[in-house]
Student: 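Next up is a structure, given as C-alpha cells.
Naming: A, B, ... by sequence-line order, numbering from 1 per chain.
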Number of protein chains: 2
Amino acid sequence: MFSKTCEYAIRAVLYIAQMSKNGDKVSIKSISKGIDSPEHFIAKILQELSKKGLVQSLKGPTGGFYLSEQSKKHSLADIVRAIDGEKIFTGCGLGIGQCSEEFPCPIHNDFKMIRKKLFDLLQKTKVNEFNNQLEMQLAFLKKNHN
Amino acid sequence: MFSKTCEYAIRAVLYIAQMSKNGDKVSIKSISKGIDSPEHFIAKILQELSKKGLVQSLKGPTGGFYLSEQSKKHSLADIVRAIDGEKIFTGCGLGIGQCSEEFPCPIHNDFKMIRKKLFDLLQKTKVNEFNNQLEMQLAFLKKNHN
DNA sequence: ATTATAAAAGATATTTTTATCTTTTATTAA
DNA sequence: TTAATAAAAGATAAAAATATCTTTTATAAT
C-alpha cells in the first residue's frame with residue numbers, strides 16, 4: 001500500500017509522538033530501535049520529514065527529535081503525502097495516466113470509493129492519538145515488543 | 001496500490017477478455033498497443049500468467065493469447081494474487097511483520113476494514129465483466145483511446 | 001518439408017527503492 | 001573554550017522493480 005520508506009516514516013512519527021510527549025527529545029538510535037528500522041535509513045527519512053516541518057529536531061547533546069504543538073496535530077495523510085505523494089489518493093488503480101470521470105478505467109468508481117475511505121481514515125487520524133495505546137502496550141510499532 | 005507489473009497484468013487480461021471473446025487470439029503486439037505497455041515487458045508478464053493458468057496461449061501463426069471458459073471466470077483478485085502475492089490483502093499497513101489481533105499496529109483495525117473492502121471488490125469482479133463497456137468505449141485501458 | 005509466425009525462455013540492462021557509510025555542522029556540558 | 005554529542009548533508013552501495021534484447025520452440029500455412 002505504502003512504500004517501505006513511508007511505513008517507517010509513520011512508525012517513526014508515532015514513536016516520536018509518544019516518547020516526546022513530556023518534552024523529551026528522541027535520538028535516532030532510540031527511534032531506530034523503537035520501531036525496528038535501519039538506523040541510517042530512518043535518519044534520512046527524518047531529515048526529509050524535518051525539512052517539510054512534520055517533525056522538529058535539535059542537534060547536539062540532549063538533542064533529538066520531537067513534535068511541536070502544530071506537528072502533533074498533523075494527520076497520517078500529511079506524512080503519506082510528504083513521502084509517497086498524492087498518487088495513492090488520486091492515482092488510477094490500473095495505472096492509466098489520464099483516467100478520469102470522462103474516460104474512466106473499468107474499476108474507476110470502485111477504486112474511487114476505496115481510496116476515499118483510505119484518505120478519510122488517514123486524514124482524520126492524528127499522529128498523537130496513539131500515545132496512550134502505545135504506552136499501555138495495546139498497540140505496537142515493531143514485531144519484537146519485549 | 002499495485003505494482004506496475006500488476007497494473008499491466010490486469011489491463012492485459014481485461015484486454016484479452018474483450019478481444020478474444022469470439023474465439024480470436026490476441027498477439028502480444030496487439031495487447032501492447034491496446035493497453036499502452038512496453039511490448040517485451042507485457043510479454044514477460046503474460047508468460048507468468050500463462051504458467052499460472054490465468055491466460056491461455058498458442059504459438060505460431062494465428063496464435064496468441066485467449067481465455068479458456070475457466071479463465072474468463074477468474075477474478076481480479078486472482079490476478080493480483082498471482083503477481084503481487086497475498087501481502088496486499090493480509091499484510092500490515094505499517095509493514096510490521098507480526099502485526100496481528102493480539103499484537104496490533106495502531107491502525108490495524110481500520111486497515112483491516114479497508115483491505116477487506118478492496119479484497120471483496122477484487123474478488124467479486126470477474127475478468128470478462130467489462131467486455132461490453134470496453135467495446136462501447138464506456139471504459140478504457142489506456143490513456144490515448146483514439 | 002519448408003517457411004513464416006508468434007510465444008517461451010533466457011540473458012542483460014536500466015531505473016528506482018532501500019540501505020549504508022563518511023564528513024560536516026550545530027548545540028550542549030564540563 | 002574545548003570536547004562530546006547528535007542531527008544534517010552528501011556520497012556510495014546493494015537490492016528490487018521495470019524494461020529490453022536475443023535465441024529457442026511450437027504451430028500453422030504454403
Side-chain angles (χ1 to χ4, degrees), chain A residues 1-13 15-16 19-20 23-67 80 83-85 87-88 95, chain B residues 1-13 15-16 19-20 23-67 80 82-85 87-88 94-95:
Chain A
M1 191 86 87
F2 308 131
S3 70
K4 223 164 178 201
T5 304
C6 189
E7 292 174 348
Y8 286 145
I10 295 173
R11 282 153 65 189
V13 174
Y15 183 80
I16 295 169
M19 296 295 279
S20 73
D24 296 333
K25 289 174 198 100
V26 196
S27 73
I28 283 174
K29 217 174 280 276
S30 163
I31 296 167
S32 155
K33 278 179 192 158
I35 70 171
D36 195 24
S37 72
E39 188 177 325
H40 289 110
F41 193 36
I42 198 61
K44 271 288 167 225
I45 297 169
L46 287 168
Q47 239 177 71
E48 191 67 19
L49 291 175
S50 174
K51 272 184 198 162
K52 298 197 172 168
L54 292 169
V55 303
Q56 281 62 48
S57 70
L58 198 66
K59 292 181 181 178
T62 77
F65 293 88
Y66 62 99
L67 300 185
V80 171
I83 302 293
D84 283 350
K87 218 185 62 185
I88 192 169
Chain B
M1 190 86 86
F2 307 131
S3 69
K4 223 163 179 201
T5 304
C6 189
E7 292 174 348
Y8 286 145
I10 295 172
R11 284 153 65 189
V13 173
Y15 183 80
I16 295 168
M19 296 295 280
S20 73
D24 296 334
K25 287 173 199 102
V26 196
S27 73
I28 284 175
K29 216 174 281 276
S30 163
I31 296 167
S32 156
K33 277 179 192 157
I35 69 171
D36 195 23
S37 72
E39 187 176 324
H40 289 109
F41 193 37
I42 197 61
K44 272 287 169 225
I45 296 169
L46 286 168
Q47 239 178 69
E48 191 67 20
L49 291 175
S50 174
K51 273 184 198 162
K52 298 196 172 170
L54 292 169
V55 303
Q56 281 62 49
S57 69
L58 196 67
K59 292 180 180 178
T62 76
F65 292 87
Y66 62 99
L67 301 184
V80 171
I83 301 292
D84 283 351
K87 218 186 62 186
I88 192 169
L94 299 185

Student: Between the side chain of A/Ser32 and the main-chain N/O of A/Ser37, is any donor-acceptor distance below 3.5 Å?
Tutor: yes

Student: Given atom NZ of A/Lys51 and atom P of D/dA7, what is their separation to the nearest angstrom?
Tutor: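 After rounding, the gap between these two atoms is 16 Å.
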
Student: With no angle test and no hydrogens, is the base of D/dA9 tied to the side chain of A/Gln47 by a donor-acceptor pair under 3.5 Å?
Tutor: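 Side chain to base: pair present.
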
Student: Measure the OG-CD distance between B/Ser30 and B/Glu39 for me, rounded to the nearest 0.5 Å.
Tutor: 10.5 Å

Student: Please report the distance, rounded to the nearest Å, between CD in A/Glu7 and P in C/dA19.
Tutor: 10 Å

Student: For the pair made of CZ in B/Phe41 and P in C/dT15, what is the distance, rounded to whole Å?
Tutor: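 After rounding, the reported distance stands at 14 Å.
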
Student: CD of B/Glu39 versus C1' of C/dT5: gap in Å, rounded?
Tutor: 13 Å

Student: Go nucleotide by nucleotide along DNA chain D from the 5' end; which of A/Ser50 and A/Gly60 gets its closest nucleotide reached first?
Tutor: A/Gly60

Student: Nearest of D/dT20, D/dA9, C/dT18 to any side-chain atom of A/Thr5?
Tutor: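 Among D/dT20, D/dA9, C/dT18, the one nearest the side chain of A/Thr5 is C/dT18.
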
Student: To the nearest Å, give me how far apart NZ (B/Lys59) and C1' (C/dA6) are.
Tutor: 9 Å

Student: I need the minimum non-hydrogen distance between A/Glu7 and B/Leu94, along with the two atoms involved.
Tutor: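 Heavy-atom minimum between the residues: CB-O, 3.4 Å.
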
Student: Taking NZ from A/Lys25 and C1' from D/dA8, how many angstroms apart are they, rounded to a whole number?
Tutor: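 It works out to 17 Å between those atoms.
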
Student: When you measure from the side chain of A/Thr62, which nucleotide among D/dA29, C/dA29, C/dA11 comes out closest?
Tutor: C/dA29

Student: For A/Lys4 and C/dT17, give me the distance from atom NZ to atom P, rounded to whole Å.
Tutor: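 Spelled out: NZ on A/Lys4 to P on C/dT17 is 14 Å.
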
Student: Measure from the side-chain heavy atoms of A/His40 and tell me the nearest of C/dG10, C/dC21, D/dG10.
Tutor: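 That would be C/dC21.
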
Student: On DNA chain C, nearest-nucleotide positions of A/Pro61 versus A/Tyr8: which is more 5'?
Tutor: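 Final value for this comparison: A/Tyr8.
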
Student: Only counting residues at least two apart or in another chain, list the ones meeting ring-ring contact (aromatic ring centres under 6.0 Å, His included) with B/Tyr66.
Tutor: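 B/Tyr66 satisfies ring-ring contact (aromatic ring centres under 6.0 Å, His included) with no residue once adjacent residues are dropped.
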
Student: From NZ of B/Lys44 over to C1' of C/dT12, roughly how many Å is that when rounded to an integer?
Tutor: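 B/Lys44 atom NZ is separated from C/dT12 atom C1' by 11 Å.
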
Student: Hey, is A/Glu48 close enough to A/Lys52 for a salt bridge, meaning N to O under 4.0 Å?
Tutor: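 Yes.
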
Student: Please classify the nucleic acid contact of B/Val26 as base, sugar-phosphate, or nothing, using heavy-atom distances under 4.0 Å.
Tutor: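 If one applies the 4.0 Å heavy-atom cut-off, B/Val26 turns out to touch the sugar-phosphate alone, with no base involved.
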
Student: Using the side-chain heavy atoms of B/Ser27, tell me which of these nucleotides is nearest: D/dA19, C/dA7, C/dA19.
Tutor: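 Side chain of B/Ser27 sits closest to C/dA7.
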
Student: When all nucleic acid strands are considered with a 4.0 Å heavy-atom cut-off, which category describes A/Leu46: base, sugar-phosphate, or nothing?
Tutor: nothing

